[in-house]
A.B. asks: 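Please find one structure pasted underneath; my questions will follow.
This one's a predicted model, so the numbers in the text were calculated from it and none came from an experiment. In what follows, every heavy atom counts, from backbone to side chain, and hydrogens, waters and symmetry copies are set aside.
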Amino acid sequence: MHHLLRCFFILSITSFFISCKSNQNLAIYNKTPLGKNNKAVKWDAKTPYNIEEFRAAWVATVANINWPSKPGLSIYEQQKEALALLDYLKDHNFNAVVFQVRPQADALYKSNIEPWSYYLTGEQGKAPEPFYDPLQFWIYAAHERGLELHAWLNPYRAHHTQGGDITKTSVVKTDPNLVVELENGMYWMDPSLKETQDRSLAVVMDIVNRYEVDGIHFDDYFYPYDSYNNGKDFPDSKSWNIYTKNGGKLSKSDWRRQSVNTFIKNVYTGIKKSKPHVKFGLSPFGIWRPGYPESVVGYDQYEKLYADAKLWINEGWVDYFTPQLYWTTNKIGQSFPELLGWWQTENTKQLHLWPGIKVDLGGTKENLDEVFNQIMITRGMLPKSKGTVHWSIGPLIKYDTLSKGLLANPYKNKTLVPASPWLDNTPPLQPIVTTKKQQNSLNISWTHNSNTDVFRWVLYYKRSGKKWEHTILNRRATNYKLPLFLKDTENPISKIGLTAVDRTGNQSEFFEINID
């Protein structure tokens, strides 16, 4: 009973703050996006140094890989597990979570389009009892911890082999004309059908319009891997025959790719029309085609998944691109730095290129070094917009050596998500700052003329004879206390500066305050 009472407490507090903040936050999004062809120079806040780096982890709900740990947990247990994952990311200086909300044409949120997920309640179509909205909960909890939340969707998977019974609420039953069965037991919506594309686009836009997500994210499942159908061709002969009978001239492969390309472009266009600040990210298989670059061998997503991922980044139909580079630096034929370098040559519009890396390499020092090396390589090769997405949060928590090593070395300090100048290049106003010395403390307080334009704060501070340092604070913070002197040094605080950070990562112009 005490668990249930605590659950109701969490829900009521969450609902109160979400209702208070959701209307207030609408004012953030009135800025005009620049567009990717705008030649304006990225806004320079003139801060003492660059603190931008995207650090995210995937949280998978399909097959209960990461959350919840099993279907049918109590609401209290679900929320407890969610907060533990988000606390881990906050405490280890990540700044984003990629949370799977649509694993198999279902929903881990209140939807009028698709049924509640089996992975949540143990029965597809069954709502949580007592009721709460997991996506709303995750968004609020993530933002309170200074984390962006990107809603991750599978656009075409209709039913997973570990997805429980196919109930009357499943798309397999409600819209059987959209669905084909694969030989491994999965069901897939036919990507070539306009009805499939319209349904998935409607799901995306429903999330964008009703929730304060920071991004929409797709992974590598477009047409399914051929192994799902025992190596046989995707069973879309019915739609293909209709296409050819109506005079279609494309080859079957080109026809399939065109269907996916049309959908990707429409998703990007729809998001930008509704809420330009919401980023659209894609995480395709890490190899476009064998031979690109020359030494690369392996799976051909262009011809097997019908995913022309190179086209999407060339055309700028994404805001960030996360190719799944799950190989080591010295892997002949699939070398991490070689593939990353090739994708960067295709990043002609200079979007965010934040590779996905595999961290499930064990807890040994050698595997820790590999993760470190990949992060450092990414920083060196992509200095204008550093960032990495980790597959997945599970191994990060599992391997204590990895978690401690990341926090002690590459993730020692907190960072901001890199700004996206093509979405918004207008900084927020500067905060109004006051300081007061009190014994061995410097009390810093501030106000802002447009709090709805603030997502975070960055406090920079400098000790006499030392380099600048910083800390990143929650959006609702209005004061902070720094020790004037540290116990092991006589270097007092000599300067501070505070910047406001908006939803797309722009900092207000930096200004120094001398501490006499």
A.B. asks: Between His277 and Thr504, do the side chains contain a donor N or O and an acceptor N or O under 3.5 Å apart?
C.D. replies: no

A.B. asks: Should the heavy atoms of other residues, nucleotides or ligands under 6.0 Å from NZ of Lys304 be counted, would the total exceed 12?
C.D. replies: no

A.B. asks: Using a 6.0 Å distance limit plus a 45 degree cone around the ring axis, check whether Arg257 lies over the aromatic ring of Tyr302.
C.D. replies: yes

A.B. asks: Over 60° means perpendicular and under 30° means parallel, so tell me whether Phe54 and Trp354 are parallel, tilted or perpendicular.
C.D. replies: parallel

A.B. asks: Please lay out, stage by stage, how Ser192 and Arg256 fare under the test side chain to side chain contact (heavy atoms under 4.5 Å, CB included).
C.D. replies: CA-CA 6 Å; Ser192 72; Arg256 288 171 174 169; 5.9 Å; no

A.B. asks: For side chain to side chain contact (heavy atoms under 4.5 Å, CB included), just list the numbers for Leu473 and Val458, CA-CA rounded to whole Å, side-chain angles, deciding distance to a tenth of an Å, and then say yes or no.
C.D. replies: CA-CA 6 Å; Leu473 305 171; Val458 183; over 6 Å; no

A.B. asks: Indicate whether the side chain of Glu123 and that of Thr167 have a donor and an acceptor atom separated by less than 3.5 Å.
C.D. replies: no

A.B. asks: Check the surroundings of atom NZ in Lys252: do more than 12 heavy atoms from other residues, nucleotides or ligands lie under 6.0 Å from it?
C.D. replies: yes

A.B. asks: Pick from Leu353, Leu339, Leu340, Leu282: which one makes a side chain to side chain contact (heavy atoms under 4.5 Å, CB included) with Pro323?
C.D. replies: Leu353

A.B. asks: Taking atom CG as the centre, does Asn246 end up with more than 12 heavy-atom neighbours from other residues, nucleotides or ligands that are less than 6.0 angstrom away?
C.D. replies: yes

A.B. asks: Indicate the ring-plane relationship of Tyr156 and Phe263, choosing parallel, tilted or perpendicular according to the 30° and 60° boundaries.
C.D. replies: tilted

A.B. asks: For Asn230, does the CG atom sit with more than 12 other heavy atoms under 6.0 Å from it, leaving out its own atoms?
C.D. replies: yes

A.B. asks: Among Phe321, Tyr320, Trp422, which residue meets the ring-ring contact (aromatic ring centres under 6.0 Å, His included) test with His352?
C.D. replies: Trp422

A.B. asks: Does Asn95 use its side chain to pair, donor to acceptor, with the backbone of Leu147 at less than 3.5 Å?
C.D. replies: no

A.B. asks: Can you list the steps and then say if Tyr411 with Ile375 is a side chain to side chain contact (heavy atoms under 4.5 Å, CB included)?
C.D. replies: CA-CA 10 Å; Tyr411 290 176; Ile375 292 171; 3.7 Å; yes

A.B. asks: Aromatic rings His143 and Phe455: how do their planes relate, parallel, tilted or perpendicular, breaks at 30° and 60°?
C.D. replies: perpendicular

A.B. asks: Counting N and O atoms only, with roles assigned by atom type, does the side chain of Thr388 sit under 3.5 Å from a partner on the main chain of Arg55, one being a donor and the other an acceptor?
C.D. replies: no

A.B. asks: Pairing donors with acceptors under 3.5 angstrom, does anything connect the side chains of Asp219 and Trp58?
C.D. replies: no

A.B. asks: In terms of side-chain heavy atoms, does Ser69 have a donor or acceptor partner in Glu81 at a distance below 3.5 Å?
C.D. replies: yes

A.B. asks: Evaluate the ring planes of Tyr225 and Tyr221, with Trp represented by its six-membered ring, and classify them as parallel (under 30°), tilted (30 to 60°) or perpendicular (over 60°).
C.D. replies: perpendicular

A.B. asks: May I ask you to decide if the ring planes of Phe280 and Tyr268 are parallel, tilted or perpendicular, using 30° and 60° as cut-offs?
C.D. replies: tilted

A.B. asks: Report yes or no: do Lys414 and Asn93 form a side-chain donor-acceptor pair below 3.5 Å?
C.D. replies: yes

A.B. asks: Does Asp175 use its side chain to pair, donor to acceptor, with the backbone of Val171 at less than 3.5 Å?
C.D. replies: no

A.B. asks: Heavy atoms, side chains only, cut-off 4.5 Å: are Ile357 and Val359 in contact?
C.D. replies: yes

A.B. asks: Please name the residue in the list Phe218, Trp327, Tyr306, Trp343 that meets the ring-ring contact (aromatic ring centres under 6.0 Å, His included) test with Phe285.
C.D. replies: Trp327

A.B. asks: Is the closest side-chain donor-acceptor distance between Tyr118 and His159 under 3.5 Å?
C.D. replies: no

A.B. asks: Give a yes or no on this: more than 12 heavy atoms of other residues, nucleotides or ligands lie within 6.0 Å of atom NZ of Lys358.
C.D. replies: no

A.B. asks: For Leu108 and Leu135: C-alpha separation, side-chain torsions, deciding distance, then whether side chain to side chain contact (heavy atoms under 4.5 Å, CB included) applies.
C.D. replies: CA-CA 6 Å; Leu108 282 94; Leu135 177 55; over 6 Å; no

